[in-house]
There are 2 protein chains.
Amino acid sequence: MAHSHDHHHHEARPDLTRNQDLVLRTLNGADAPLSAYDILDRLRDDGLRAPLQVYRALERLIEAGLAHRLESLNAFVCCADAGCHEKASGTAAFAICSKCGRVDEFTDAEVGERLASWAGAQGFALERTTIELRGVCQGCRTAG
Amino acid sequence: MAHSHDHHHHEARPDLTRNQDLVLRTLNGADAPLSAYDILDRLRDDGLRAPLQVYRALERLIEAGLAHRLESLNAFVCCADAGCHEKASGTAAFAICSKCGRVDEFTDAEVGERLASWAGAQGFALERTTIELRGVCQGCRTAG
DNA sequence: ATGCGTCATGTAATAACGTAACACCGATCG
DNA sequence: CGATCGGTGTTACGTTATTACATGACGCAT
Ligand SMILES: [Zn+2]
Ligand SMILES: [Zn+2]
Ligand SMILES: [Zn+2]
Ligand SMILES: [Zn+2]
């Protein structure tokens with residue numbers, strides 16, 4: 001079903017359903033993480049009525065590597081590093097500004113390796129890693 | 001500063017109030033993370049009645065480095081590495097088994113350094129770091 | 001075409017997690 | 001003494017997430 005042959009370039013997205021597309025666009029248009037209920041509020045006019053509609057879409061988007069959940073915030077952002085899902089380069093990490101709410105996604109291969117290595121040594125079957133830094137971004141610091 | 005007028009030099013613990021002590025003992029006695037409401041349920045007989053009593057105690061325990069919050073679980077554990085709070089050895093990380101719920105706390109200096117270094121380079125004033133690994137522990141894997 | 005499995009959807013109700021606001025008490029200190 | 005401070009108790013409320021059930025759309029085998 002999924003164009004097994006599209007080895008082409010910019011066809012990164014698996015086909016999204018209407019709800020998934022709405023949610024992803026909402027995340028893309030936001031300049032800070034949104035809670036599921038924030039998203040819901042912004043999509044009332046598009047017909048969404050219940051939290052579950054948003055949570056279901058988010059679940060798929062996250063599986064597809066198009067969005068992330070920020071555990072320390074109970075909120076969601078779109079992925080800023082298309083491919084962080086794919087590459088073994090390292091686990092995605094997030095720096096979250098407590099003042100302005102902006103989030104910076106990055107990866108550090110060394111960090112990913114060290115954690116994977118610890119897991120390997122312990123016989124721990126690693127499935128998913130959460131790394132979140134809380135603090136104040138440069139912009140907010142210099143702004144006073 | 002630290003060491004003003006120690007009544008009894010006996011303990012490392014800052015003096016805990018009754019509620020704080022109850023909550024800490026409950027966490028110590030558990031073999032898996034507990035939610036605030038789990039804790040509350042276990043302390044009904046000791047007179048606790050409202051979530052806020054638990055959350056307030058947890059707040060102090062976490063400040064004191066005696067407990068940790070697991071963001072990906074909305075639950076709490078007691079600190080297994082007395083001093084992870086103090087030492088610059090690295091940020092505490094947690095491996096959480098999805099099957100049995102057991103949590104393993106550890107630190108990796110290199111990981112802490114890399115993240116701190118990223119923050120420094122970005123001018124990000126790092127206040128707090130969350131690292132949580134989800135997966136299946138060795139015990140559960142071999143058990144089937 | 002009929003029926004079947006599967007996946008997305010819609011809806012209501014409820015569970016789980018967390019906080020604001022206010023009153024009270026006891027200890028400490030000028 | 002009165003003032004302040006931190007911990008406490010209680011009510012009420014706000015936010016986040018899930019369970020349960022019903023429906024609709026599609027591909028596919030009978
Ligand atoms: Zn990403
Ligand atoms: Zn900022
Ligand atoms: Zn610790
Ligand atoms: Zn296990």
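Just the heavy atoms: all of them, side chains too, but no hydrogens, waters or symmetry mates, feed the values below. Order of the sequence lines fixes the chain letters, A, B, ..., with proteins taken first and strands second; residue numbering starts at 1 for each chain.
- For DNA chain C, the span of nucleotides reached by chain B at under 4.0 Å from its heavy atoms goes, 5' to 3', from dC17(C) to dA21(C).
- Hydrophobic cluster membership of F124(A), counting Ile, Leu, Val, Met, Phe, Trp and Tyr whose side-chain heavy atoms lie under 4.5 Å apart directly or via other members: F106(A), V111(A), L115(A), W118(A), L126(A), I131(A), L133(A), F106(B), V111(B), L115(B), W118(B), F124(B), L126(B), I131(B), L133(B).
- Between the CD atom of E63(B) and the C1' atom of dG7(D) there is a distance of 13 Å, rounded to whole Å.
- Summarising the geometry, the separation between CZ on R18(B) and C1' on dG6(D) is reported as 18 Å, rounded to the nearest angstrom.
- Judged as a side-chain contact (heavy atoms from CB on, under 4.5 Å), and not counting sequence neighbours, the contacts of C97(B) are K99(B), C100(B), V136(B), C137(B), C140(B).
- For T17(A), the side-chain contact (heavy atoms from CB on, under 4.5 Å) partners are N19(A), Q20(A), not counting sequence neighbours.
- The CG atom of L48(B) sits 6 Å away from the P atom of dG9(D) (whole-angstrom rounding).
- For the pair L43(B) CG and dT8(D) C1', the interatomic distance rounds to 15 Å; values are reported in whole Å.
- Here R42(B) pairs with nothing under the side chain to side chain donor-acceptor pair (under 3.5 Å) rule; sequence neighbours left out.
- The salt bridge (charged side-chain N to carboxylate O under 4.0 Å, His left out) contacts involving residues 61-77 of chain A comprise R60(A)-E63(A), R69(A)-E71(A), E71(A)-R128(A), where partners must be two or more places apart or lie in separate chains.
- Not counting sequence neighbours, the partners of E105(A) by the side chain to side chain donor-acceptor pair (under 3.5 Å) test are H68(A).
- Note that CZ of F76(B) and CG of L70(B) are 8.5 Å apart. Values are rounded to the nearest 0.5 Å.
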Quiz item: How does protein reach along nucleotides 11-26 of chain D, written 5' to 3' as B (base within reach of a heavy atom under 4.0 Å), S (only sugar-phosphate), or - (no contact)?
Solution: B----BBBBB------

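- Rounded to an integer number of Å, the gap from D15(B) CG to dG6(D) C1' is 14 Å.
- Legend: residues meeting side chain to side chain donor-acceptor pair (under 3.5 Å) with R56(B), ordered by chain and number and at least two apart, are absent.
- Between dT8(D) and Q53(B), no contact under 4.0 Å exists linking OP1 or OP2 to a side-chain N or O.
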